[in-house]
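Report on one structure; see the data block that follows.
Quick note on labels: first sequence line is chain A, next is B, and so on, each numbered from 1. As the structure is a computational prediction, the values presented were derived from the model and not from experiment.
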Amino acid sequence: MADIPKTYDQSKEPDIYKLWELSGYFNPDNLSGKPFTIMMPPPNVTGTLHVGHAVFLTLQDIMIRFERMRGRKTLWLPGTDHATIATSSKVEAMIYKQEGKTRHDLGREEFEKRAAKFAQESHDTIVHQVRRMGASCDWSREAYTFDQDRSLAVRTAFKRMYDDGLIYRGFRIVNWDPKLKTNVSDDEIEWKEEAAPFYYLKYGPFTIGTARPETKFGDKYVVVHPKDARYHEYKHGQQLEVEWINGKITATIIKDEAVDMEFGTGVMTITPWHDATDFEIAKRHNLDKEQIIDDRGVLLAVAGEFVGQHIKKARPLIVEKLKAKGLVEKIDEAYFHRVATNSRGGGIIEPQIKEQWFVDVNKETKNKKSLKELMLQAIKSEKIKIIPERFEKIYFHWIENLRDWCISRQLWFGHQIPVWYRSSEIYCDVEPPKGQGSTSAKASADKWTQDPDTLDTWFSSGLWTFSTLGWPQEATDLKTFHPTDVLETGYDILFFWVARMILMSEFLLGDIPFRTVYLHGLIRDKDRQKMSKSKGNVIDPLGVIDTYGSDALRMGLIVGNLPGNDLPLSEDKVRGYRNFANKIWNAARFVISNCSSPLAGEDVPTSVGTDEGGTKLTKDDKTILKDLDKFAAAVTKKLEKFDFAHAAEDLYHYFWHTFADKIIEESKTKLADPKKRASAQLMLKIMLETQLKLLHPFMPFVTETIWQLEHKDLLMIQKWPKQ
RNA sequence: GGGCAAUUAGCUCAGCGGUUAGAGCGCUGCAUUCACAUUGCAGAAGUCGGUGGUUCGAAUCCACCAUUGCCCACCA
């Protein structure tokens, strides 16, 4: 006993990881069998991993280790995501804080350098953390959404979609973030409820309502519902003079069904340049559109005396002026409205009309189906299964309401759009046009200039299941490992990422990207609060690992974690599983010291009795092993059904309350009885080793550490106890 | 405004048609040279959100209601 310490020492976990990594068995090239593939969701290179990452690393590692032991050729491909907006936003904020400079002060080239350096440092931290979690992924195939191979894939994908007319450029109203100075897609918008005074303003004979008087300068169209009897006397197209903010203007009556007769007075004026609804109305009636606010949120010449002022500062002054002119009828101070913000650390969205690149989701592709239909069909045909199932409905609903995907961003850190311009010519290809290819803005008219915009980060991560396997080349990996088996991620990126992967894979490969989508929930703190830095309730996975070990954290993240449901995590829970790791350790100490030849100081039986020899088991021990076999079958079944939470809980129970509390306790009298001793030794050994194997996917470190006490080979690649 | 989900012990959650409803944590009491105090044994604790229905039988199925959470939507 002197050789085995009384307490399991989790500080040795990194050594165990090294042992696995050096063995080469993370790499499927050193394994045989039917392939089993998971692409790791690439963490953003925006800093460090949080406990949400720890969840997916654990879930995926469980699947991978389970399938590897079952004799599959497992590939778990790791990587990181350059995360255009998130990284840009972070780096810009850092530079501004340290040097008081914006990216425009630095220039594109210098900014790209800084961003790349930051991304590299984040990458290194992340990779270290992934290893610390015990993730048995194949580092030899590590990928980055912004490296050379992925860049080729991105440009190829763009080119193919462009050639098929699925990518187009157009002036649309977009979600403009004046803070980051880029547009963002509809999905990146986060609506926040905000109290704001609601103004009733006199507009000629009408009263209009608005929460945003600063946008109203150019409002020369007044819209009512065609069926609204109150305004029956006014005809569509009729013009009248009205006194407005900066003097008299000519207003035109427009009748449109977009107006809600119940809301306010049932009359509204429109600002087509800065509002999506208004833009649509203007489009329908072919009305003028005028820009009021610039890219930075500053008022333009149309604002008259307010020109050059930021809208935030100008609003109260404009209200004052309106009041002075007697145009304010009343103010509703108890009004709430929803403000659009950029969810990736940006500012308040000010819609603008801009020329942007879009992916057309309704246009027919070559095989007569629109991208929308391709996305729907993959799930409806049951080629892809989503767990839990209720997310399929949510997915369908999202697709049905899907509008064209805006893919261009006015940012500098990302895949630059593979399109070049020369006067009125336009050129799109994987490589720049011959002889030219200037990316500089000062290129003269007779030179090709590349579009300065970068692509939405989801455009590149949409290719992830196959850009990582060598596509667009005819790579062996692509043939072997695609479609992948499981895509495991958080339900919060079902639309952002999962849907885009289906779109890209269906269009570019004519195949599904994965067979099963497993969606886990968000990790919350012990009071069910969302973790956030401002609340100070963020759990740092590495800190937890240092105190309690990876295995303990892994179990804490798995038990009770049902697909699609959020999981509260407390330190108490993790501590409980640290205790469990120690329980395993001590049960193993007991078994090894009694049943291992050198420590027991005697020859110990190694095989169950047959006609040729071996040790005959007592009836009681036979029953115990039969029960173990049944238990192993039940655990296997749960793992096959992706029921990790219950498999983990069952293992915990069985080990502690059946094996440790009962079987080991009862074995003490058996071991003392010379007639029963050999049978008990053998039974205990089998019990222990079988459970080590079953527990290994969940708690790889403690189980491997114990295994290494007596074996030369790795537990990681032992045969799973039940087929 | 549309949709989805949840409501079971102090807390977090299992159970989803069939004997006295379970677990972990927490709580209470007892135990300690014997693998482990990061332990063991014993125990208290729930009219399974409400109302009605289906059934021989309901925490479990159905309807309605209440509360909470989440997602989607162009209410100026």
**OP:** Using the C1' atom as the reference point in each nucleotide, state the distance between rA44(B) and rG26(B) in Å, no decimals.
**Re:** 13 Å
Subject >> Between rC56(B) and rC41(B) - C1' atom distance, rounded Å >> reply: 42 Å
Original post:
Can you tell me how far P of rA76(B) sits from CD of E257(A), to the nearest Å?
Top reply: 20 Å
Original post:
Can you say whether the rings of W585(A) and Y8(A) are parallel (under 30°), tilted (30 to 60°) or perpendicular (over 60°)?
Top reply: tilted
Original post:
Checking all strands, does T271(A) fall into the base, sugar-phosphate, or nothing category for heavy-atom contacts under 4.0 angstrom?
Top reply: nothing
**OP:** Let me know the distance between CZ of R575(A) and C1' of rG24(B), rounded to the nearest Å.
**Re:** 14 Å
Original post:
Does NZ or CZ of K583(A) lie under 6.0 Å from the centre of the six-membered ring of F655(A), at an angle within 45° of the ring axis?
Top reply: no
Subject >> Nucleotide rC11(B), atom C1' - distance to CZ of R524(A) in whole Å >> reply: 16 Å
Original post:
Are any of N561(A)'s side-chain N or O atoms less than 4.0 Å away from OP1 or OP2 of rA14(B)?
Top reply: no
Original post:
According to the Watson-Crick and G-U wobble definitions, with both distances under 3.5 Å, which nucleotide is paired to rU38(B)?
Top reply: none
Original post:
Which whole number of Å gives the distance between the P atom of rA66(B) and that of rU51(B)?
Top reply: 15 Å
Subject >> Watson-Crick or G-U counterpart of rU19(B), or none if no pair lies under 3.5 Å >> reply: none
**OP:** Could you give the distance separating rU33(B) and rA14(B) at their P atoms, to the nearest angstrom?
**Re:** 42 Å
**OP:** Under a 3.5 Å limit for both distances, which nucleotide forms a Watson-Crick or G-U wobble pair with rU55(B), could you say?
**Re:** none
**OP:** Using a cut-off of strictly less than 4.0 Å, decide whether K668(A) has a side-chain nitrogen or oxygen near OP1 or OP2 of rA35(B).
**Re:** yes
**OP:** Answer with base, sugar-phosphate or nothing: what part of the nucleic acid does I270(A) contact at a heavy-atom distance below 4.0 Å?
**Re:** nothing
Original post:
Can you find a side chain N or O atom of K6(A) that sits less than 4.0 Å from OP1 or OP2 on rC36(B)?
Top reply: yes
Original post:
Atom CZ of F659(A) to atom P of rG40(B): distance rounded to whole Å?
Top reply: 14 Å
Original post:
When all nucleic acid strands are considered with a 4.0 Å heavy-atom cut-off, which category describes Y335(A): base, sugar-phosphate, or nothing?
Top reply: sugar-phosphate
Original post:
How would you label the contact of Y652(A) with the nucleic acid (heavy atoms, under 4.0 Å): base, sugar-phosphate, or nothing?
Top reply: sugar-phosphate
Original post:
Taking the P atom of each, how far is rA58(B) from rG18(B), in whole Å?
Top reply: 11 Å
Original post:
Given rA73(B), rG15(B), rG24(B), which nucleotide is nearest the side-chain atoms of H653(A)?
Top reply: rG24(B)
**OP:** Compare all side-chain heavy atoms of P272(A) with those of L287(A) and state whether any distance is below 4.5 angstrom.
**Re:** no
Original post:
Looking at Y203(A), Y200(A), Y199(A), which hits side-chain contact (heavy atoms from CB on, under 4.5 Å) with E329(A)?
Top reply: Y200(A)
Subject >> Interatomic distance where CZ belongs to F495(A) and C1' belongs to rG3(B) [whole Å] >> reply: 11 Å
**OP:** State whether N579(A) places a side-chain N or O below 4.0 Å from either non-bridging phosphate oxygen (OP1 or OP2) of rU39(B).
**Re:** yes
Original post:
5'-most contact on RNA chain B: T7(A) or D275(A), nearest heavy atom basis?
Top reply: T7(A)
Original post:
In Å and rounded to the nearest 0.5 Å, what is the NE2 to OG1 distance from H274(A) to T215(A)?
Top reply: 8.0 Å
Original post:
Taking atom C1' of rC4(B) as reference, at what distance in whole Å does atom CG of D566(A) sit?
Top reply: 14 Å
**OP:** For D661(A), report the nucleic acid contact type (base, sugar-phosphate, nothing); a contact means any heavy atom under 4.0 Å.
**Re:** sugar-phosphate
**OP:** Remember a base hit wins even if backbone is also touched, and classify E262(A) as base, sugar-phosphate or nothing at under 4.0 Å, heavy atoms.
**Re:** nothing
Original post:
For rG49(B), which nucleotide in any strand shown is its Watson-Crick or wobble partner with both distances under 3.5 Å?
Top reply: rC65(B)
Subject >> Nucleotide rG2(B), atom C1' - distance to NE2 of H397(A) in whole Å >> reply: 7 Å
Subject >> Euclidean distance, atom NZ of residue K220(A) to atom P of rA76(B) [Å, nearest integer] >> reply: 24 Å
**OP:** Would you indicate what A587(A) reaches in the nucleic acid, counting non-hydrogen atoms under 4.0 angstrom: base, sugar-phosphate, or nothing?
**Re:** base
Subject >> Opposite nucleotide pairing with rG10(B), Watson-Crick or G-U, both atom distances under 3.5 Å >> reply: rC25(B)
Original post:
Across the strands shown, which category fits H657(A) at heavy-atom distances under 4.0 angstrom: base, sugar-phosphate, nothing?
Top reply: sugar-phosphate
Subject >> CD (E333(A)) with more than 12 external heavy atoms under 6.0 Å >> reply: yes
**OP:** Using the P atom on both, measure rG40(B) against rA6(B) and round to a whole Å.
**Re:** 35 Å
Original post:
Around K321(A), counting heavy atoms of other residues, nucleotides and ligands shown, do more than 12 lie under 6.0 Å from its NZ?
Top reply: yes
Original post:
Got a donor-acceptor pair under 3.5 Å from the side chain of K583(A) to the base of rC36(B)?
Top reply: yes
**OP:** With heavy atoms under 4.0 Å as the rule, sort G266(A) into base, sugar-phosphate or nothing.
**Re:** base
Subject >> side-chain N/O W656(A) vs rG40(B) OP1/OP2, d < 4.0 Å >> reply: yes
Original post:
D260(A) has a side chain; which of rA35(B), rA76(B), rA14(B) sits nearest to it?
Top reply: rA76(B)
Subject >> P spacing across the pair rU20(B) / rU28(B), given as an integer number of angstrom >> reply: 32 Å
Subject >> Polar side chain donor-acceptor pair, T271(A) to D219(A), under 3.5 angstrom >> reply: yes
Original post:
Picking from rU38(B), rC75(B), rC74(B), which would you name as closest to the side chain of R578(A)?
Top reply: rU38(B)
Original post:
In terms of side-chain heavy atoms of N586(A), which of rC72(B), rC36(B), rU12(B) is nearest?
Top reply: rC36(B)
Original post:
Would you say Y200(A) reaches rA76(B)'s phosphate, i.e. side-chain N/O to OP1/OP2 under 4.0 Å?
Top reply: no
**OP:** Between rC74(B), rC75(B), rA5(B), spot the one nearest the side chain of R390(A), thanks.
**Re:** rA5(B)
Original post:
Do you know which two heavy atoms are closest between L59(A) and E488(A), and how far apart they sit?
Top reply: CD1-OE2, 3.3 Å
Subject >> Nearest-Å distance once atom C1' is located in both rC48(B) and rC4(B) >> reply: 23 Å
Original post:
With a 4.0 Å cut-off on heavy atoms, is A211(A) in touch with a base, just the backbone sugar-phosphate, or nothing at all?
Top reply: nothing
**OP:** Have a look at V223(A) and say if it touches a base, only the backbone sugar-phosphate, or nothing, with a 4.0 Å heavy-atom cut-off.
**Re:** nothing
**OP:** Assign each of W398(A) and Y577(A) to its nearest nucleotide of RNA chain B by heavy atoms, then name whichever residue's nucleotide is nearer the 5' end.
**Re:** Y577(A)
**OP:** Would you kindly say whether D456(A) and W405(A) are connected by a side-chain donor-acceptor distance under 3.5 Å?
**Re:** yes
Original post:
When we call it a touch if two heavy atoms are under 4.0 Å apart, what does G209(A) touch: a base, just sugar-phosphate, or nothing?
Top reply: base
Subject >> Counter-base of rC74(B), judged by Watson-Crick or G-U geometry with both distances under 3.5 Å >> reply: none
**OP:** With the side chain of N582(A) defined as its heavy atoms from C-beta on, choose the nearest nucleotide among rA35(B), rU38(B), rA76(B).
**Re:** rU38(B)
